[in-house]
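A quick write-up on the structure given underneath.
Reminder, nothing fancy here: chain letters follow the sequence lines and each chain counts from 1.
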Amino acid sequence: MVTPINELAKHVGETVTLQGWLYARTDKGKLVFMQVRDGTGIAQCVVFKRDVDEQTFDSALHLSQESSLVVEGEVRSDQRAPGIPGGYELSVKALQIVQRAEEYPIGPKEHGVDFLMDNRHLWIRSSRQWAVLRVRTTVMRAIRGWLDEHGYVEVSTPILTPSAAEGTTNLFEVNYFDDKAYLAQTGQLYNEANIFAFGKVYCFGPTFRAEKSKTRRHLTEFWMVEPEVAFCDLDQLLEIEELFVSYIVQKAVQENANELKYLGRDLNKLTVISPPYPRITYDDAVAKIKEIQAHTTDPEQKSLLDITWGMDFGAPHETALTQLYEKPVFVTGFPSAVKAFYMEPYPGRAEVCKSADLLAPEGYGEIIGGSERISDPDLLLTRINEQHLPESAYKWYIDLRKYGSVPHSGFGLGVERTVAWICGIEHIREASPYPRLLNRLYP
RNA sequence: UCCUCGAUAGCUCAAUUGGCAGAGCAACCGGCUGUUAACCGGUAGGUUACUGGUUCGAGUCCAGUUCGAGGAGCCA
């Protein structure tokens with residue numbers, strides 16, 4: 001019977017079959033220790049010379065890293081056994097080699113980033129990458145799970161979008177027959193159309209940004225989920241967001257405890273993630289950042305924290321601010337000038353808008369950007385003209401405000417940033433199976 | 001686009017003031033009944049990123065180029 005490694009604990013004393021790959025091997029005299037991966041975990045398989053015939057022992061002794069194999073043996077509980085989850089090992093009775101692997105480039109020692117990225121197709125086999133990507137799949141499942149359970153309808157939005165509205169410098173241009181098209185950087189405008197058909201909707205897929213960003217939190221292709229809700233104001237939106245994010249985090253803690261432990265993640269920092277999250281206005285955030293700056297002694301850091309009212313936050317500002325909280329923090333009411341044209345202004349204070357960014361703790365930055373959208377057609381038109389956007393491109397979007405307009409709100413959550421935060425990893429590139437970066441399109 | 005740093009064996013790195021190209025890991029051979037990135041002995045492994053310059057002599061110094069890393073900017 002083929003048994004997955006993550007279920008070995010249920011089969012102590014039984015003889016089982018594992019099929020997988022040789023992750024690592026070491027030997028000591030009449031013993032060979034094989035670490036075998038099967039996709040669900042890593043288990044130690046011990047070959048003892050007296051238990052097997054000479055040929056089996058010899059092939060175990062010389063088996064190369066990443067060779068594919070089928071191994072049969074008795075499951076034993078042993079505290080010494082390493083692995084994921086570990087604690088159980090196989091006493092090998094039989095070993096079948098499916099393919100003897102050529103010399104494998106990624107060894108058990110440390111490697112440089114460039115080398116690993118060139119070998120991303122192999123690197124994903126390494127435990128650390130495997131663990132992160134397992135968390136990623138849980139996060140993606142939790143995203144769909146929560147939204148589906150709460151009555152959201154997944155309506156796909158186009159990835160090929162028409163000629164552009166505003167500056168196309170940060171969009172990827174593609175040939176579209178005799179015309180030009182652009183890879184979508186958001187599905188939001190379409191979401192806003194979709195709510196009038198379905199009430200609560202979301203789109204979930206890859207988005208593309210041609211920005212020349214070269215930081216630990218930017219990819220040129222990343223996954224984003226964007227829920228949009230009719231009859232919803234900003235306050236209601238924030239309640240949705242904190243329930244949603246908390247659910248995702250707790251799912252990962254429940255389903256990927258082994259993976260997170262392997263990554264060395266402090267689970268206490270995740271279990272505390274539950275509603276409500278602190279809310280702070282942009283005005284107060286600027287004041288707090290100035291306060292932090294006043295207490296900063298390092299001159300370089302001090303100058304990075306420079307801010308005046310009206311500026312958008314940079315990475316150093318976000319990091320400094322989030323270090324004040326153990327939960328994600330909402331920053332509301334950004335200056336309208338630094339936000340998108342479609343955000344609803346605050347009544348009586350048009351210079352700020354009903355926007356909210358959700359900043360993850362521990363310096364992971366913005367994981368959600370959201371807002372209440374302008375519902376009045378005249379105001380929307382005014383804003384479009386103020387920003388010198390081509391009115392014709394937005395005809396259909398303005399239409400939405402003419403036929404039964406309602407207050408509505410939505411947000412976008414970046415999958416890779418969320419995964420990076422949950423896993424506690426340094427760089428967002430490890431949160432994507434095949435990350436696309438400024439200088440990286442291979443493999 | 002800017003700032004800083006880097007490129008030497010398959011990988012990670014060392015090489016003193018400019019003076020014989022080195023080690024660990026991986027590979028291969030041998031030893032060991034509990035290894036956890038084992039340990040011990042042995043074998044093999046080099047266009048020092050590229051182009052040019054200085055010099056009796058360049059991995060090392062100079063100029064340019066390419067590629068990469070960290071940070072900033074950018075991120076409706």
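When heavy atoms are screened at a 4.0 angstrom cut-off, Arg76(A) is found touching base atoms of the nucleic acid. Using a 4.0 Å heavy-atom cutoff across all strands shown, Asn439(A) reaches sugar-phosphate atoms only and no base atom. Across all strands shown, Gly29(A) has heavy atoms under 4.0 Å from base atoms, whether or not it also approaches the sugar-phosphate. In this structure, Glu426(A) reaches neither bases nor backbone, as no heavy-atom distance under 4.0 Å exists between it and the strands shown. Within the 4.0 angstrom heavy-atom criterion, no nucleotide atom of any strand lies near Gln65(A).
Classification of Arg279(A) and Asp284(A) as a salt-bridged pair fails, no side-chain N sitting under 4.0 Å from a carboxylate O.
The side-chain heavy atoms of Tyr277(A) and Glu242(A), taken from C-beta on, include a pair separated by under 4.5 Å.
Side-chain nitrogen and oxygen atoms of His62(A) include none within less than 4.0 Å of the OP1 or OP2 phosphate oxygen of rA27(B). In terms of phosphate contacts, Lys28(A) brings no side-chain nitrogen or oxygen within less than 4.0 Å of OP1 or OP2 of rU35(B).
Pair check for rC32(B) finds none; no Watson-Crick or G-U wobble contact set falls under 3.5 Å.
Considering only side-chain atoms of Lys214(A), the nucleotide from rU12(B), rU33(B), rG70(B) that sits closest is rG70(B). Of all nucleotides listed (rG34(B), rC75(B), rC11(B)), rG34(B) comes nearest to the side chain of Glu89(A).
A donor-acceptor pair under 3.5 Å is absent between the side-chain atoms of Thr207(A) and the main chain of Ala184(A), judged by distance alone.
In the interface, the side chain of Arg429(A) is not paired with the base of rG68(B) through any donor and acceptor atom under 3.5 Å apart.
Ring-centre distance between Phe244(A) and Phe411(A): below the 6.0 Å cut-off.
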